[in-house]
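Just below is one structure, and these are the notes that go with it.
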Amino acid sequence: MAIYTPRGLKIRLSKDYAFALMARLYPRVDAFRVLQITEEVINMAAVMTYISGIVVFTMRLDPLMITVVVGGTNFAFKMAHLFGLFIPPITLILPLSRVYSWVSGYGVFLIGIPVFGFFTVGWKGVVAFIVGRIVASVFAGVINYKFTKIVFNKTGVFLTASERSFFHAYRLVADRVGVTRSLEVTDDEMDPDNWGEVFDDLMMKWPVVVSRFTEDM
């Protein structure tokens, strides 16, 4: 089974397990907000990459420095996500990531940033921005693959960035409301009688989100 965030991010976790975790947070934080934070967490690297792009274009840095700054920013935040380094000032980016989650997918950043770069530093600067992102993504991808493989060999569980984002979101909220950060749940917590109210609340308020939940992985 898989559950989905409001913007359609697939989280390959069983409904029972995911809602057992979110039931610990309810009613202070509902399931919809946890799923929103999941999106904010996974989008942080993209947000900071675009912000770094605006900065380097505004400062009119040379292409090499643009590649270094943009690539370094992208890589650093992907590593922060991979290892769960959610401490200030990193957590201060989450509100910006929330705004990004609302407007991403409409071409605002995909088109706007390169156009801005073209008129400030020219096509070479735009190419440097793209190269920085690609190089950082390749290095981060290799590390992510090795990390995922180690976790799979130890636990038999295959975790993508989506599942890790959900766990990060849970722990961020758990710290805020004062409940355990443990990702282990008991049989009693997995019982639908325990988390049914949380699920029903989401279904009543956001039926479109619930309608995406699937039985496949």
Legend entry - Connected-component partners of I42 among ILVMFWY, side-chain separation under 4.5 Å: L9
Legend entry - Sequence-distant partners of N144, side chain to side chain donor-acceptor pair (under 3.5 Å), two or more places apart: R164
Inset, instruction - Mark yes or no for whether H168, through its side chain, and H81, through its backbone, hold a donor-acceptor pair below 3.5 Å. - result: yes
Legend entry - Considering all heavy atoms, the nearest D201-D30 contact: OD2-CB, 3.7 Å
Inset, instruction - Nearest 0.5 Å please: distance from the CG atom of L202 over to the CH2 atom of W195. - result: 11.0 Å
Legend entry - Minimum-distance pair of heavy atoms, taken over all atoms of G71 and A136: O-CB, 3.2 Å
Inset, instruction - Supply the atom-to-atom distance F77 CZ to I51 CD1, rounded to the nearest 0.5 angstrom. - result: 8.5 Å
Legend entry - Residues clustering with F158 (ILVMFWY side chains joined when closer than 4.5 Å, directly or via others): F152
Inset, instruction - Measure across S52 and V69 and return the closest heavy-atom pair with its distance rounded to 0.1 Å. - result: CB-CG1, 4.4 Å
Legend entry - Heavy-atom side-chain proximity of K10 to S162 below 4.5 angstrom: no
Inset, instruction - Decide yes or no for R24 and E189: does some side-chain heavy atom of the first lie under 4.5 Å from some side-chain heavy atom of the second? - result: yes
Legend entry - side-chain contact (heavy atoms from CB on, under 4.5 Å) evaluation trace for F139 with M79: CA-CA 10 Å; F139 279 102; M79 291 301 98; over 6 Å; no
Inset, instruction - Check the surroundings of atom CG in D187: do more than 12 heavy atoms from other residues, nucleotides or ligands lie under 6.0 Å from it? - result: no
Inset, instruction - Dump the intermediate steps for side-chain contact (heavy atoms from CB on, under 4.5 Å) on L159 and T148, then the final yes or no. - result: CA-CA 6 Å; L159 296 179; T148 300; 5.5 Å; no
Legend entry - Reference residue F57; test ring-ring contact (aromatic ring centres under 6.0 Å, His included); the match among F119, F129, F118: F129
Inset, instruction - Indicate if L64 and M59 have the same hydrophobic cluster label, given that clusters are the connected sets of ILVMFWY residues with side-chain heavy-atom separations under 4.5 angstrom. - result: no
Legend entry - Test item: V41 and L172 side chains (from C-beta on) under 4.5 Å apart, heavy atoms: yes
Legend entry - Shortest non-hydrogen contact between A31 and V198, atoms and distance: CB-CG1, 3.9 Å
Legend entry - Step-by-step side-chain contact (heavy atoms from CB on, under 4.5 Å) determination, R12 to T160: CA-CA 8 Å; R12 295 169 179 82; T160 68; 4.0 Å; yes
Legend entry - Non-hydrogen atoms of S97 and V47 that approach each other most closely: CA-CG2, 3.7 Å
Inset, instruction - Report yes or no: do L25 and M204 belong to one cluster of Ile/Leu/Val/Met/Phe/Trp/Tyr joined by side chain heavy-atom distances under 4.5 Å? - result: no
Legend entry - Contact check, side chains of V209 and T5, non-hydrogen atoms, under 4.5 Å: no
Legend entry - Minimum heavy-atom distance I54-F116, with the two atoms named: O-CE2, 3.8 Å
Inset, instruction - Say whether V208 and V210 are linked into one hydrophobic cluster, either directly or through other cluster members, by side-chain heavy-atom distances under 4.5 angstrom. - result: no
Inset, instruction - May I ask you to check whether over 12 heavy atoms, not counting those of M203, lie within 6.0 Å of atom CE? - result: yes
Inset, instruction - Answer yes if V99 and I111 sit in the same cluster of Ile, Leu, Val, Met, Phe, Trp and Tyr residues linked by side chain heavy atoms under 4.5 Å apart, and no otherwise. - result: yes
Legend entry - Within-4.5 Å side-chain heavy-atom neighbours: Y170 and V179: yes
Legend entry - Cation-pi check, R133 onto Y50 ring (under 6.0 Å, within 45° of axis): yes
Inset, instruction - For R171 and R181, indicate whether the former's side chain and the latter's backbone hold a donor-acceptor pair under 3.5 Å. - result: yes
Legend entry - Nearest-0.5 Å distance that lies between atom OG1 in T91 and atom CD in E40: 11.5 Å
Legend entry - Straight-line distance of L183 CG to T180 OG1, nearest 0.5 Å: 8.5 Å
Legend entry - Straight-line distance of I87 CD1 to L85 CG, nearest 0.5 Å: 6.5 Å
Legend entry - Common cluster, V70/V68, ILVMFWY with side-chain heavy-atom separation under 4.5 Å: no
Inset, instruction - Could you check whether the rings of F199 and F19 sit parallel, tilted or perpendicular, using 30° and 60° as the cut-offs? - result: perpendicular
Inset, instruction - With rounding to the nearest 0.5 Å, note down the distance linking CE in M190 to OH in Y17. - result: 9.0 Å
Inset, instruction - Report yes if the distance between the aromatic ring centroids of F83 and F147 is under 6.0 Å, otherwise no. - result: yes
Inset, instruction - Examine distances only and state if a side-chain atom of N43 and a backbone atom of E39 form a donor-acceptor pair shorter than 3.5 Å. - result: yes
Inset, instruction - Would you confirm whether E163, through its side chain, and I11, through its main-chain N or O, come within 3.5 Å as a donor-acceptor pair? - result: no
Inset, instruction - Compare all side-chain heavy atoms of L35 with those of Y4 and state whether any distance is below 4.5 angstrom. - result: no
Legend entry - Sub-4.5 Å side-chain heavy-atom contact between M48 and N74: no
Inset, instruction - Report yes if the side chains of V185 and L21 come closer than 4.5 Å at any heavy-atom pair, otherwise no. - result: yes
